Enquirer: 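Once you've had a glance at the structure underneath, I'll fire off some questions.
Convention: sequence-line order gives letters A, B, ...; per-chain numbering from 1. Values below: all heavy atoms of this structure, side chains included; hydrogens, waters and symmetry mates excluded. Keep in mind that what you see is a predicted model, and the values were worked out from it rather than measured.
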Amino acid sequence: MFILLKIAWRNIWRNPRRSWVLVWAVTFGLWMGVFLTAFYNGLIEQRIALAINTESSHIQMHHPLFKPDYEIKHVLPEFASILQSLNEISRIQSVTSRMVIAGLAASANGSTGVVIQGVSPESEHRVTKLCQKLTSGVCLQEGNLHSVMISESLAKKLKLKTGRKLVISFTDVNGEINSAALKISGLYQTNNGPYDDTNIFVHASMLDTLRNIGAKRNEIAILLQSSEDLNQTAAILKKKYPGLKTETWKEISPELGLTVSVGDQMVFIFMGIILLALVFGIINTMMMAMLERTREIGILMAIGMNKIRLFFMIVLETSMLVALGAPPGILLGLSTVAFFARKGIDLSAYTGLYSNFGYASTVYPHISGEKVVQVLFMLVAASLISSVFPAWRSLRTQPAVAIKK
Amino acid sequence: MEDIVIDVHQMSRTYNPDKVPVVALNNVHLHIERGEFTVVKGPSGSGKTTLLNLIGGLDTPTSGEVLIHGVNLTSLKGNKLVDFRLHNIGFVFQAYNLIPVLTAYENIEFILLLQGVPQEIRRKRVLELLEQVQLTDKADARPEEMSGGQQQRVAVARALAPKPQFILADEPTANLDTRSADNLLDIMEKLNRDEKMTFLFSTHDPRVMQRARRVITLEDGQIVSDTSREDTTHDSKARIT
């Protein structure tokens with residue numbers, strides 16, 4: 001009813017200062033809600049992107065008996081022809097093959113367990129942008145087989161630098177220990193501390209020579225044109241290569257999938273806390289407004305305004321206050337997100353903490369339209385909830401008592 | 001046959017019946033006919049407002065019943081009672097009884113909107129009422145922009161808007177100066193005379209009592225006298241129970 005809208009609208013401006021405080025609270029709450037959602041979203045998306053780009057890629061293919069401890073005997077049959085075939089699939093951006101072996105890296109100053117990534121430098125760079133992670137020295141060169149790339153952190157741990165020798169050793173299929181002294185060509189660094197601590201990169205063909213069993217690979221990593229194609233491409237590959245184990249990044253790193261769902265829940269909880277504070281603010285303001293208007297409500301009831309209309313009028317007042325605060329809140333939130341999406345939020349002061357968990361030091365917030373709608377939906381629900389209590393209290397007004405006030 | 005608008009039967013109202021009972025009305029019996037201009041007087045706490053609240057359906061009697069044109073108010077509950085009030089009873093309260101955010105025009109129109117009266121009829125009726133209470137020039141004024149007397153005249157117009165059976169006016173002149181009170185009472189008297197609108201006042205104000213054609217006196221929740229101007233010597237005990 002238009003008259004109820006009119007009354008509700010004019011009622012909220014009877015005490016402009018109070019109404020503006022509430023409108024600002026809604027704006028601020030929503031602003032922070034959108035921004036926090038985007039921040040957390042960006043953090044998780046970057047974590048996933050980082051994991052895909054540096055660790056798992058979108059899809060990996062292994063021998064069915066391949067285990068996380070990289071048992072050396074479970075290699076991929078006919079990997080070269082598989083690679084050729086995969087390169088012809090339009091959804092696939094790049095493919096690379098690896099020989100991944102668990103081994104030991106030693107220097108004169110100590111030794112540590114490592115994952116030896118036997119890679120083809122060019123194709124590896126196309127999939128994981130290996131050379132972009134270089135911080136000093138040079139990337140693995142095709143002509144220089146006896147070179148190795150290690151991380152800054154590992155170099156520090158083993159007290160090494162570029163140009164120095166690193167001895168790697170691993171057990172082959174016959175249980176014999178193979179070793180090689182390799183020259184450190186370059187140092188790299190990712191935003192994933194644990195990854196850096198354990199992964200070293202060598203030429204796969206050097207491992208072939210060392211193991212003397214010919215060209216063998218136990219891992220194919222696939223980077224897709226778009227993450228949207230993940231499940232569909234994985235399904236196609238599973239069907240095409242039933243003898244191989246094809247896994248998406250979610251299957252390879254279930255903890256990452258968990259991060260996404262936990263992240264969503266965290267955002268939900270953040271928003272819940274913000275909205276809960278808002279709900280109490282709105283209830284308090286509306287209760288004060290209703291208390292001041294007890295006599296007026298009594299008169300409205302006396303002259304013939306029924307409870308449904310009264311309830312509707314109070315809900316309208318609350319909704320209008322929220323509706324006034326929501327658009328600027330969303331706008332400010334999206335503007336802040338857009339600003340930091342370009343500039344990034346520098347968390348380098350906490351890099352140690354974040355990189356230990358594989359997070360980037362600069363976060364680029366991002367929020368989808370779907371999430372904005374979700375936030376708005378939560379706000380609408382909160383405003384309805386917060387209008388119910390004052391409305392319910394008003395409905396209990398006894399006109400005869402209220403008119404005397 | 002007499003046209004009885006309000007019929008009160010052995011009505012009592014006790015507040016806090018379980019704790020410290022306060023008897024506001026005790027076994028009251030009265031009837032008001034169409035076209036009466038009646039005043040209920042009595043000292044503070046005598047039960048005047050309680051009586052008007054019960055007749056207006058704003059409160060429920062502890063015992064007894066109120067019939068408005070034969071409809072038992074005590075049998076109506078919730079929105080049915082509200083709707084009954086909307087269509088049958090006009091209220092004028094002591095002061096500040098307009099909706100402050102609406103103009104004079106909108107305050108009167110509000111009742112008609114609640115009744116679902118079509119826009120054209122609504123407009124005609126509101127303008128007609130504003131003219132009756134001599135406030136056509138204040139149609140767009142909000143209550144805060146009007147004097148107390150003008151506000152009360154708008155309240156009368158609003159009370160008249162739904163063409164009720166009667167108007168209950170609880171101390172309508174209490175906050176008005178003599179001129180405003182006289183003006184308001186002139187309008188009410190004219191409505192009573194010309195349109196046979198029934199008025200039931202609760203008041204202390206001698207200016208209202210002077211104009212009343214019937215004065216009911218309440219003391220300690222009971223009617224102690226019921227006097228008609230046409231027959232001032234008649235102490236109508238027969239009408240009192």
Enquirer: What part of A:I403 gets closer than 4.5 Å to chain B, counting heavy atoms only: side chain, backbone, both or neither?
Expert: side chain
Enquirer: Give, as side chain, backbone, both or neither, the part of B:L102 having an atom under 4.5 angstrom from any heavy atom of chain A.
Expert: both
Enquirer: For chain A, find which of B:N53, B:L114, B:D59, B:T49 contributes the most heavy-atom pairs closer than 4.5 angstrom.
Expert: B:L114
Enquirer: When rounded to the nearest 0.5 angstrom, what is the spacing between CE in B:M197 and CG in B:N192?
Expert: 9.0 Å
Enquirer: Under a 4.5 Å heavy-atom cutoff, which of A:R293, A:E296, A:Q398 has the most pairs with chain B?
Expert: A:E296
Enquirer: Centres of the B:F201 and B:F37 rings: under 6.0 Å?
Expert: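 Ring-ring flag for B:F201/B:F37: true, centres closer than 6.0 Å.
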Enquirer: Which atom pairs, donor and acceptor, lie under 3.5 Å between side-chain atoms of residues 27-36 of chain A and protein residues at least two apart or in another chain?
Expert:
unit_1 : atom_1 : unit_2 : atom_2 : d
A:T27  : OG1    : A:V23  : O      : 2.9
A:T27  : OG1    : A:G325 : O      : 2.9
A:W31  : NE1    : A:L332 : O      : 3.4
A:W31  : NE1    : A:T336 : OG1    : 2.8

Enquirer: Flag the pair A:F268 / A:F270 as yes when their ring centroid distance falls below 6.0 Å, and as no otherwise.
Expert: no
